[in-house]
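The structure appears below as structure tokens.
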There are 2 protein chains.
Amino acid sequence: MSKTGLQSLPNLTVQQLEYLVAATDHSTRAAAAASLGVTPSALTQGLAELERRVGLTLFERHGRHTQLRHQATEVLNHARRVVAETRDLARWAASQRSGSAGVVRLGTIDAVAVQHRAEAIRAFHANRPEVDLHLTVAPSGSLLEGLVSGDLDLIVCVEPVTTPEGVVFTPCFAEPLHVYAPEGELRRPPHRWGPWVTFPAGSHTRAVIAAGLARAGAPFDVVAESNQPEVLREMVRLGLGWTVLPPPTGTMSGSGMVTARAEPVAHRHLVVGRREGSPPDPAADALAAVLIGTGTDR
Amino acid sequence: MSKTGLQSLPNLTVQQLEYLVAATDHSTRAAAAASLGVTPSALTQGLAELERRVGLTLFERHGRHTQLRHQATEVLNHARRVVAETRDLARWAASQRSGSAGVVRLGTIDAVAVQHRAEAIRAFHANRPEVDLHLTVAPSGSLLEGLVSGDLDLIVCVEPVTTPEGVVFTPCFAEPLHVYAPEGELRRPPHRWGPWVTFPAGSHTRAVIAAGLARAGAPFDVVAESNQPEVLREMVRLGLGWTVLPPPTGTMSGSGMVTARAEPVAHRHLVVGRREGSPPDPAADALAAVLIGTGTDR
DNA sequence: TCTGATTATTCAGTATCTCTAAATCTAGCA
DNA sequence: TGCTAGATTTAGAGATACTGAATAATCAGA
């Protein structure tokens, strides 16, 4: 089982290919070596090694200066190609490192993307045109799954009661949740609140609501469910039941629906989630900073 | 003057890129390492080195098996490209080494290309379609110049009196040179031969002719010159003078021109010339063997 | 032809790199 | 918890690549 049993590829290095390119682009090897910042000796040995690995004699000595054999033009073309591609790759990697470019897959719940952080996301997108931003809007549970599975790099979701393994949360902001009742029912005491229309079982926000209502002494029997706040609001307007929601956005306020109490019954805590121990990702870091509010994305 | 002062290219090796390709093409690293014939340890270290040189984290550990970060797809594309190109280059180099492909620049004098070795050259061309054969027909002097300057790889010329530096000759065959006279003058004794039409000064053949005539006791005053045997023959037919030439090819024999003596006055020695100490060039070697007559190009 | 200047290569020694082998770590599983 | 398999870390041997010095080769000019 010799090491070269499979007739494997010659282990050419980018450096050796650079040597070849430099040697052909300069009239003397001393000049080529100087342009690379190495001694002529290193150049000679490196080119000899390259010849050995390719298995072909590339140079022919004519008096004082060696010149390329015509056979070597194919190798030279290869060298130029690879060196150019490597230079491109290095540039790309540098921009990735600096965070000025890259891909960030962001997931948020609807309210964050549409309302609370819409402007921040828009500004980030405008300020970093080289960053390829993918936005997924979904309920918090789905976002968490996407984060741990690697489909998402960064999420903004409602803080769950139990933090799953491998995820780190950073507090973002808290949003008040108010009780809304159909017109005419709003004067009841808490123990006669309901019945409720609210988010489906498993929803993080629903868990927060359930805890808040329990604290207020209200029952929590659910007669209808939806993930969409607009749908819940409509259900209340139709008299199907009560609900607990964040304050509506400007355009929809107060159309046939009334806040039961001025004070919120609970707060849902929005958090930014990242995978624990994830390798540095400057673009995602910058977006997270913007979303949390510490970012200064000019 | 740090070594990385010029923001020089990362010295990626083909091997590292192979590691990356293998790691993504196999589900486990153990399998990838086995496919490359190295230990898993080598794979781990090699990939770590690659990450260090690119400056980006390429893998993300998810439990027991690491998976590519989406950022790494760009690097992976680069790796696949370079590995494929290197494989092509290696294949090409192998065919160059074996002599089944390559470029050979052959130079010959007219008689060799048109007459003596025409069939050998044609057969070589037919048997090795991958060999790019360039044929230059010129006087021996020009051929020699082309050989030493590197414009030609292989020549067949008349052996010069003094072998120039850096050239090695292999005997090929000898060609008789006969005296031709205008009709009616052929009975003279050698000391009354001439005047002569022959090759220009500097011609190797002319040097051979001059020596032969001197040996025969004939004067050698030249009244007209040409590099083309056909032209010299025509001059004799027109009565301008005598000449010394190889036997004419079949189609032109005996039209108003007579051999002075049945015996040739001299022989010119045709030789195959190569640059001394030239690196191995299997395709040129094979053609040289065919031209000398030792080749068995099926 | 000799000499000096310039260029390329070879050589010796050191530093770095990369591999194997063994030990260690980790996750998944009974 | 212990077990197993995959992945990584570690230590050391061998290969590789560099620098600096010595050597060889070429060209220009006396």
Side-chain angles (χ1 to χ4, degrees), chain A residues 1-5 8-20 22-24 26-53 57-68 148-150 164-166 275-277 279, chain B residues 1-5 8-20 22-24 26-53 57-68 148-150 165-166 276-277 279:
Chain A
M1 252 358 119
S2 83
K3 201 168 160 192
T4 59
S8 81
L9 293 185
N11 183 19
L12 310 182
T13 72
V14 166
Q15 206 162 39
Q16 287 164 352
L17 299 178
E18 271 190 288
Y19 283 7
L20 178 59
T24 64
H26 293 80
S27 55
T28 77
R29 292 202 163 181
S35 81
L36 292 167
V38 298
T39 61
S41 173
L43 196 71
T44 295
Q45 296 174 83
L47 288 173
E49 184 62 29
L50 177 63
E51 286 185 325
R52 208 169 306 129
R53 292 184 184 178
T57 312
L58 302 178
F59 294 94
E60 212 157 319
R61 299 198 49 183
H62 270 87
R64 190 141 82 185
H65 49 92
T66 62
Q67 71 174 30
L68 264 191
V148 296
S149 76
E165 272 300 307
R275 258 189 310 284
E276 192 169 24
Chain B
M1 255 341 135
S2 84
K3 200 169 160 194
T4 58
S8 85
L9 292 186
N11 182 21
L12 310 182
T13 73
V14 167
Q15 205 161 40
Q16 287 163 352
L17 299 178
E18 271 191 287
Y19 283 7
L20 178 59
T24 64
H26 293 81
S27 53
T28 77
R29 291 201 164 181
S35 81
L36 292 167
V38 298
T39 61
S41 172
L43 195 72
T44 296
Q45 295 174 87
L47 288 173
E49 184 61 29
L50 177 64
E51 286 186 324
R52 208 168 307 127
R53 292 185 184 178
T57 310
L58 302 178
F59 294 93
E60 210 156 322
R61 300 198 50 184
H62 270 85
R64 192 139 83 185
H65 52 90
T66 62
Q67 71 174 32
L68 265 190
V148 296
S149 75
E165 273 300 307
E276 192 169 23

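Values below: all heavy atoms of this structure, side chains included; hydrogens, waters and symmetry mates excluded. First the proteins, then the strands, lettered A, B, ... as listed; each starts at 1.
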### Query
Tell me: CG of A/L68 to P of C/dA8, nearest whole Å?
13 Å

### Query
Is the distance from OP1 or OP2 of D/dA17 to the nearest side-chain N or O of A/R52 less than 4.0 Å?
no

Which protein N or O atoms sit under 3.5 Å from an N or O of nucleotides 22-24 of chain D?
none

### Message
Return the CG to OG1 distance between A/L9 and B/T13, rounded to the nearest 0.5 Å.
### Response
11.0 Å

### Query
Looking only at side-chain N and O atoms, does B/R29 come under 4.0 Å of OP1 or OP2 in D/dT8?
yes

### Query
Does OP1 or OP2 of D/dA17 have a side-chain N or O of A/R53 closer than 4.0 Å?
yes

### Query
From B/R29 CZ over to B/T39 OG1, what is the distance, rounded to the nearest 0.5 angstrom?
12.5 Å

#### Entry: By salt bridge (charged side-chain N to carboxylate O under 4.0 Å, His left out) - contacts of A/E18 (at least two apart)
none

## Note on the structure
Separation of D/dA17 atom P from A/L36 atom CG, nearest Å, is 15 Å

### Task
For B/H26 and D/dG6, give me the distance from atom NE2 to atom C1', rounded to whole Å.
15 Å

### Task
To the nearest Å, give me how far apart CD (A/Q15) and C1' (D/dT16) are.
11 Å

### Between C1' of C/dC17 and CG of A/N11, the distance in whole Å
11 Å

### Message
Once side chain to side chain donor-acceptor pair (under 3.5 Å) is applied, do any residues pair with B/E49, and if so which ones, sequence neighbours excluded?
### Response
B/R52, B/R53

### Query
Under 4.0 angstrom, heavy atoms only, what part of the nucleic acid is A/Y19 near: base, sugar-phosphate, or nothing?
sugar-phosphate

### Task
Could you tell me the separation between the CD atom of A/E18 and the P atom of D/dC18, rounded to a whole number of Å?
11 Å

### Query
Who passes side chain to side chain donor-acceptor pair (under 3.5 Å) against B/S41, sequence neighbours left out?
B/Q45

### Task
Starting at atom CD of A/E51, determine the distance to atom P of C/dT10, rounded to an integer number of angstrom.
10 Å

### Query
If we only count heavy atoms from C-beta on, is the A/F59 to A/L47 side-chain gap below 4.5 Å?
yes

### Query
Could you state the interatomic distance from CD (A/Q16) to CG (A/N11), rounded to the nearest 0.5 Å?
7.5 Å

### Task
Mind listing the residues from residues 38-48 of chain B sitting with a heavy atom below 4.0 Å of DNA chain C? Number order is fine.
B/V38, B/T39, B/S41, B/A42, B/Q45

### Query
When you match B/Q16 and A/A30 each to their closest nucleotide on DNA chain C, which lands nearer the 5' end?
A/A30

### Message
Could you tell me how far apart A/F59 (CZ) and D/dA25 (C1') are, to the nearest whole angstrom?
### Response
18 Å

### Message
My understanding is that only residues two or more places apart in sequence, or in another chain, count here; which of them pass salt bridge (charged side-chain N to carboxylate O under 4.0 Å, His left out) with A/E60?
### Response
A/R69, B/R275

### Query
If you measure from OG1 on A/T24 to CD on A/Q67, what distance do you get to the nearest 0.5 Å?
12.5 Å

